[in-house]
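Report on one structure; see the data block that follows.
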Amino acid sequence: MKQNDHRKGSPLQGRVIAGLGKACEVLSNERTFVCRPRGRMYIEDPDLRPVTGDIVSFFLEKGDEGWIERTEERRSVLQRRAPETGKRQILAANLDQVIICMAAHSPPFRRGMVDRYIVLCEASKLNLLILLNKCDGLCSSEVDTILSPFQVLGYPCLAVSARTGEGMETVRLALQNKHSVLTGPSGVGKSSIVNFFDPSLQLRIGELNAHTQKGKHTTTVARWFPFLGGALIDTPGLRELGLIDVRLEDLPWCFREMRPFLDRCRFRDCQHEAEPHCAVKEAVLSGDIQQTRYDSYLQFRTEIKEETQKLPYTSESA
Ligand code: GDP
Ligand code: ZN
């Protein structure tokens with residue numbers, strides 16, 4: 001491969017709007033290009049490989065194909081441990097907020113998964129919004145039972161129905177002029193929410209896929225598109241959300257209700273697990289910290305410990 005041939009003239013700037021395996025779609029001046037990152041390092045290092053939402057500089061090679069020369073520094077990322085490889089996977093870059101979408105039912109609300117998202121957002125200092133869809137037919141006390149555990153922590157929550165339109169105007173206000181990622185398990189109504197605001201979008205997404213002949217990947221890649229004066233990244237339904245880049249010693253801080261107690265434990269290095277005179281455990285007993293949140297804390301602790309032990313092996317495997 002002649003590496004330098006493409007570097008003629010000055011590079012173009014664009015936005016990565018979808019990843020396509022080793023290439024990605026880049027939007028620049030209202031045109032879409034299929035670009036490959038330059039060099040092997042982009043393929044192998046998740047920090048350098050362009051992801052949806054990235055701003056990149058690229059050189060045109062032929063037609064609508066090009067080479068990505070560089071990825072601009074990301075102002076924020078949503079990332080997880082990829083279930084297939086155990087490695088870090090950046091789902092979306094350059095975000096103002098993460099919209100955690102869940103259904104009130106069908107599929108059932110996953111409290112533990114919301115806790116996971118919250119930890120990942122806290123660790124990356126990302127704003128989040130919990131969007132509870134399919135609230136049509138539910139009474140307010142049913143909705144409260146689901147949302148109040150998060151509302152009392154100060155996280156913004158919206159109860160909506162993409163089907164009836166209930167609550168959707170508040171969603172519009174929350175999304176407009178911002179760069180958001182809409183994420184959650186499949187079947188919770190993410191596409192229905194997008195379609196509610198912009199029914200032509202599915203069509204446009206279809207056209208984009210026809211353009212790259214990668215239509216079959218529609219449901220497996222995150223897609224960036226302009227939305228309500230800002231942008232939305234629509235992720236495929238995520239079944240699992242492994243924690244990544246959350247150090248064991250930082251985990252308590254990612255549970256924001258634990259913060260006031262963290263310097264009140266007897267032992268400075270208290271893990272808030274089995275130690276005596278632990279202010280966090282006392283707060284759980286007195287009801288100041290919710291038992292289910294504390295259970296998530298213990299579960300994530302175990303998980304991070306296990307992953308840390310596996311580390312020398314996972315970095316060897318593909
Ligand atoms: P996605 O996989 O998250 O994109 O979910 P979809 O938008 O494809 O929706 C999954 C299913 O839930 C579809 O059958 C929708 O009709 C249904 N659905 C979506 N929003 C609502 C809602 O607000 N209320 C109800 N009852 N069903 C909904
Ligand atoms: Zn403690």
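Heavy-atom basis, side chains included; hydrogens, waters and symmetry copies ignored. Remember, it's 1-based here, ligands and their atoms both numbered in the order they're listed.
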Parallel, tilted or perpendicular, judged at 30° and 60°: which one describes the rings of F227 and F197?
perpendicular
Atom 10 (C) of ligand 1 sits nearest the protein heavy atom G187 O, 3.5 Å
*Do any N or O atoms from the side chain of D96 and from the backbone of S180 form a donor-acceptor pair under 3.5 angstrom?*
no
From the list V51, L91, L243, I244, side chain to side chain contact (heavy atoms under 4.5 Å, CB included) partner of Q79 resolves to I244
the protein heavy atom lying closest to atom 3 (O) of ligand 1 turns out to be K190 N, 2.8 Å
Worksheet item: Is any heavy atom of the protein nearer than 4.0 Å to atom 13 (C) of ligand 1?
Response: no
Taking every heavy atom of S161 against every heavy atom of M168, the minimum-distance pair comes out as O-CG, 3.6 Å
Atoms listed for the Zn ion (ligand 2) (protein only, N, O or S, under 2.8 Å, no waters) are C265 SG, C270 SG, H272 ND1, C278 SG
- prompt: Any Lys/Arg nitrogen of R116 or E303 sitting under 4.0 Å from an Asp/Glu carboxylate oxygen of the other?
  reply: yes
For atom 4 (O) of ligand 1, the closest protein heavy atom turns out to be S191 OG, 2.5 Å
the protein heavy atom lying closest to atom 5 (O) of ligand 1 turns out to be G189 N, 3.0 Å
Does R80 come within less than 4.0 Å of E240, counting only side-chain N to carboxylate O? no
Among non-hydrogen protein atoms, atom 16 (O) of ligand 1 lies closest to R163 NH2, 3.2 Å
the protein heavy atom lying closest to atom 23 (O) of ligand 1 turns out to be A162 N, 2.9 Å
protein heavy-atom neighbour closest to atom 11 (C) of ligand 1 works out as K134 NZ, 3.8 Å
Less than 4.0 Å between a side-chain N and a carboxylate O, is that true for E72 and R70?
yes
Per-atom filter on ligand 1: closer than 4.0 angstrom to a heavy atom of S192 are 6 (P), 7 (O), 9 (O), 15 (C), 19 (C), 20 (N)
If you scan protein heavy atoms around atom 20 (N) of ligand 1, the nearest is N133 ND2, 3.1 Å
Under 4.0 Å from one or more heavy atoms of D136, ligand 1 contributes atoms 22 (C), 23 (O), 24 (N), 25 (C), 26 (N)
When every non-hydrogen atom of R223 is compared with those of A18, the smallest separation belongs to NH1-CB, 3.5 Å
- Task: Mark yes or no for whether E142, through its side chain, and C139, through its backbone, hold a donor-acceptor pair below 3.5 Å.
- Result: yes
Margin query: Closer than 3.5 angstrom, by distance alone: can the side chain of S286 be matched with the main-chain N or O of A283 as a donor-acceptor pair?
Written below: yes
Quick one: do R266 and E275 make a salt bridge, cutoff under 4.0 Å?
no
Looking at D234 and K190, is any side-chain nitrogen of the basic one under 4.0 Å from a carboxylate oxygen of the acidic one?
no
Quick one: does H105 get an N or O within less than 3.5 Å of an N or O on ligand 1?
no
